[in-house]
S.K.: 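One structure coming up, written as structure tokens, with questions to follow.
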Amino acid sequence: MKNSSSKKYNIDMTNGPIGAKMLKFAFPLMCSSILQLLFNAADTVVVGQFAGENSLAAVGSNGSLINVMTNLFIGLSVGTNVLIAKAVGAGDREHTRKIVHTSIVISLFGGLVLMIAGLLFARNILVLMDSPPEVIDLASLYLKIYFLGLPAMMVYNFGSAILRAIGDTRRPLYFLSFAGVINVLFNLLFVIAFKMDVAGVALATVISQIISAVLIMLCLFHEKSDISVSLREMKIDMDSLARILRIGIPAGLQGTLFSFSNVIIQSSINSFGATVVAGNSAAQNLEGFVYVSMNAFHQATLSFTSQNMGAGKTERIGKILRSGLILVFITGLVLGGLVAIFGSQLLHIYSPKKMVISKGAERLVVVCGTYYLCGIMDVMVGSIRGLGYSIMPMIVSLIGACGLRIIWLKTFFKMAMFHKPFYIYATYPVSWAITILAHVVCYFVIKKKMKI
């Protein structure tokens, strides 16, 4: 079966220039990720401007927890991305179809399980995170409604991973563009017209997530290539499941571990009160736009490495990594620097209060000013995963980044001289730099072992 339907969206990752094709792959993905972030950013902006500081803090206090779930979903879908890319590169149609259908089934099932667990334990989780008493009721309501959209979010992420594996990052962009407009319109309708506060922004996000999931599934159902979805083939292939989980679980755990350390950081920030929480939340939203822009090159490095490994073109692996590192460094340095410099002006979008803006700007200078380190770290991970190693980067991230942050917060941060938000934010660049060094060592050890 020829890939006629998707041919105009595909990118040939195994031949020709690498840097230009990585840019072509990454740019639509960057735009898609920014739109996905806008779902939560729109919530934050609307409640900050029209519902008040406590509502802003309520939505923001869920940010780290939502990132845990998002990173888990994206991590699990890495297994789908890597395996389909390798199968496509090797021209193995049978394995491609088995992996596609297995991925869709586990995304639906996994999303439903997490939705039920979230609805049951949302408030308990927020209590464990030390959410401020004045916002916990609103935060719990927002989170429970948000959990209703988890199955749709998971289906969308797995569907996107399937399309990315063949180099198609454009159609997910189109779907999210439409869903993003719907999200903003419903945000304004529910909060301003219906006075639904945090419940309104959460409901708008869920509706937009469902729309994006439906659109990507319709795309896969009507696809005329090896990645098309058929109801008759919708079942779990145990071998494909094992292979997906072998890569996806460590990748998901790695993202979750990073996010878990951020949850602990969020708990420490919560101890400074609602104003600091609100400023931190707004700053995190701005940082997110820089992060996903850099992360597009992590995804590009992952997909390009996987396809070239499947095609047996190992001589291109080093070139792919170098191109990814150069592109992500430039992106992180420019975008992160701009956000750090103009942070106070940008924070006005989220809140008109001077103290909230001041607290948010403090975080932006430390984190965004050094954000290119995070991008370099992620590209290294993308290359290692594309080579077929997923457990190693997870262990490195656990020790080099998460462990260091947690140890700092549980020891030195408790001392009076270090008990300030600045010393929380400083743990980010330090942990990124240490983890980069460890990943570089791992990369060269793997290349020597694989003799490439």
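This structure is a prediction, so every number in the text was calculated from the model and none was measured. Atom set for the values below is all heavy atoms of this structure, side chains included, hydrogens, waters and symmetry mates excluded.
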S.K.: If every non-hydrogen atom of Phe175 is compared with every non-hydrogen atom of Cys219, which pair is closest and at what distance?
M.R.: CZ-CB, 3.6 Å
S.K.: Report yes or no: does Ser212 contribute a side-chain atom to a donor-acceptor pair with the main-chain N or O of Gln209 at less than 3.5 Å?
M.R.: yes
S.K.: Please round to the nearest 0.5 Å and tell me the distance separating atom CE of Met13 and atom CD1 of Ile18.
M.R.: 12.0 Å
S.K.: Indicate yes or no: at least one non-hydrogen side-chain atom of Leu321 is less than 4.5 angstrom from one of Thr305.
M.R.: no
S.K.: Would you check if the side chain of Asn81 reaches a backbone N or O of Ser303 as a donor-acceptor pair within less than 3.5 Å?
M.R.: no
S.K.: Measuring only between side-chain heavy atoms, which start at C-beta, is Ile376 closer than 4.5 Å to Trp432?
M.R.: no
S.K.: Are any non-hydrogen side-chain atoms of Arg363 and Tyr428 less than 4.5 angstrom apart?
M.R.: yes
S.K.: What's the verdict on side-chain contact (heavy atoms from CB on, under 4.5 Å) for Val445 and Tyr389, showing C-alpha distance, side-chain angles and the deciding distance?
M.R.: CA-CA 12 Å; Val445 168; Tyr389 287 79; over 6 Å; no
S.K.: Are the side chain of Ser271 and the backbone N or O of Ser267 linked by a donor-acceptor pair below 3.5 Å?
M.R.: no
S.K.: Rounded to the nearest 0.5 Å, what separates atom OG in Ser131 from atom CD in Glu134?
M.R.: 10.0 Å
S.K.: Counting the benzene-type ring for Trp, do His419 and Phe272 have ring centres under 6.0 Å apart?
M.R.: yes
S.K.: Could you tell me whether Lys359 atom NZ has more than 12 heavy atoms of other residues or ligands within 6.0 Å of it?
M.R.: no
S.K.: Give the minimum heavy-atom separation between Lys86 and Ser306, together with the two atoms involved.
M.R.: CG-O, 3.3 Å
S.K.: Counting N and O atoms only, with roles assigned by atom type, does the side chain of Ser323 sit under 3.5 Å from a partner on the main chain of Lys319, one being a donor and the other an acceptor?
M.R.: yes
S.K.: Going through the distances and angles, do Leu286 and Ile349 end up as a side-chain contact (heavy atoms from CB on, under 4.5 Å)?
M.R.: CA-CA 10 Å; Leu286 288 172; Ile349 299 170; 5.5 Å; no
S.K.: Any chance you could measure Thr80, atom OG1, to Asn157, atom CG, to the nearest 0.5 Å?
M.R.: 10.5 Å
S.K.: Examine distances only and state if a side-chain atom of Ser32 and a backbone atom of Leu173 form a donor-acceptor pair shorter than 3.5 Å.
M.R.: yes
S.K.: Would you say the side chain of Val396 lies within less than 4.5 Å of the side chain of Cys442, judging by non-hydrogen atoms?
M.R.: yes
S.K.: Between the side chain of Ser208 and the main-chain N/O of Ile182, is any donor-acceptor distance below 3.5 Å?
M.R.: no
S.K.: Look at atom CZ of Phe121 and say whether more than 12 heavy atoms of other residues, nucleotides or ligands are closer to it than 6.0 Å.
M.R.: no
S.K.: With the side chain counted from C-beta on, respond yes when Tyr443 and Ile317 share a heavy-atom pair under 4.5 Å apart, and no when they do not.
M.R.: yes
S.K.: Does a sphere of radius 6.0 Å around NZ in Lys447 hold more than 12 heavy atoms from other residues, nucleotides or ligands, not counting ones at 6.0 Å or beyond?
M.R.: yes
S.K.: Please evaluate residues Leu347 and Leu364 with respect to the criterion side-chain contact (heavy atoms from CB on, under 4.5 Å), reporting the C-alpha separation (whole Å), side-chain torsions for both, the decisive distance (0.1 Å), and the verdict.
M.R.: CA-CA 10 Å; Leu347 287 165; Leu364 290 177; 4.0 Å; yes
S.K.: Give a yes or no on whether the backbone of Val276 and the side-chain of Asn280 come within a donor-acceptor separation of less than 3.5 Å.
M.R.: no
S.K.: Do Arg385 and His298 come close enough that some side-chain heavy atom pair is under 4.5 Å?
M.R.: yes
S.K.: Please verify the inter-ring angle class for Tyr423 with Trp408; under 30° counts as parallel, over 60° as perpendicular, anything in between as tilted.
M.R.: tilted
S.K.: Is a donor on one side and an acceptor on the other found under 3.5 Å between the side chain of Asn183 and the backbone of Thr205?
M.R.: yes
S.K.: Calculate, to the nearest 0.5 Å, the distance between atoms NE2 and CD1 belonging to His348 and Ile357 respectively.
M.R.: 3.5 Å
S.K.: Can you name the nearest heavy-atom pair linking Lys21 to Asp12, along with the distance?
M.R.: NZ-O, 2.9 Å
S.K.: Could you tell me whether the side chain of Gln307 and the main chain of Ala165 form a donor-acceptor pair under 3.5 Å?
M.R.: yes
S.K.: Once rounded to the nearest 0.5 Å, what's the spacing between atom CE of Met196 and atom CG of Leu189?
M.R.: 9.0 Å
S.K.: If I compare all heavy atoms of Ser390 with all of Arg246, which pair ends up nearest, and what's the gap?
M.R.: CB-O, 4.2 Å
S.K.: Compare all side-chain heavy atoms of Leu148 with those of Leu119 and state whether any distance is below 4.5 angstrom.
M.R.: yes
S.K.: Is Ile391 atom CD1 crowded by more than 12 heavy atoms from other residues, nucleotides or ligands, each under 6.0 Å away?
M.R.: no
S.K.: Could you walk me through whether Tyr156 and Leu176 pass side-chain contact (heavy atoms from CB on, under 4.5 Å), step by step?
M.R.: CA-CA 10 Å; Tyr156 173 79; Leu176 271 177; 2.9 Å; yes
S.K.: Roughly how far, to the nearest 0.5 Å, is the CG atom of Leu325 from the OG1 atom of Thr301?
M.R.: 7.0 Å
S.K.: For the backbone of Val328 and the side chain of Thr331, can you confirm whether one donor and one acceptor N or O come within less than 3.5 Å of each other?
M.R.: no
S.K.: Can you name the closest pair of heavy atoms from Pro250 and Leu245 and give their distance?
M.R.: CD-O, 3.5 Å
S.K.: If you take all heavy atoms of Gly386 and Met309, which pair is closest and at what distance?
M.R.: O-CG, 3.8 Å
S.K.: For the residue pair Phe329 and Tyr372, does the interplanar ring angle fall in the parallel (under 30°), tilted (30 to 60°) or perpendicular (over 60°) class?
M.R.: perpendicular
S.K.: Can you tell if the side chain of Ile216 reaches within under 4.5 Å of the side chain of Ser160, non-hydrogen atoms only?
M.R.: yes
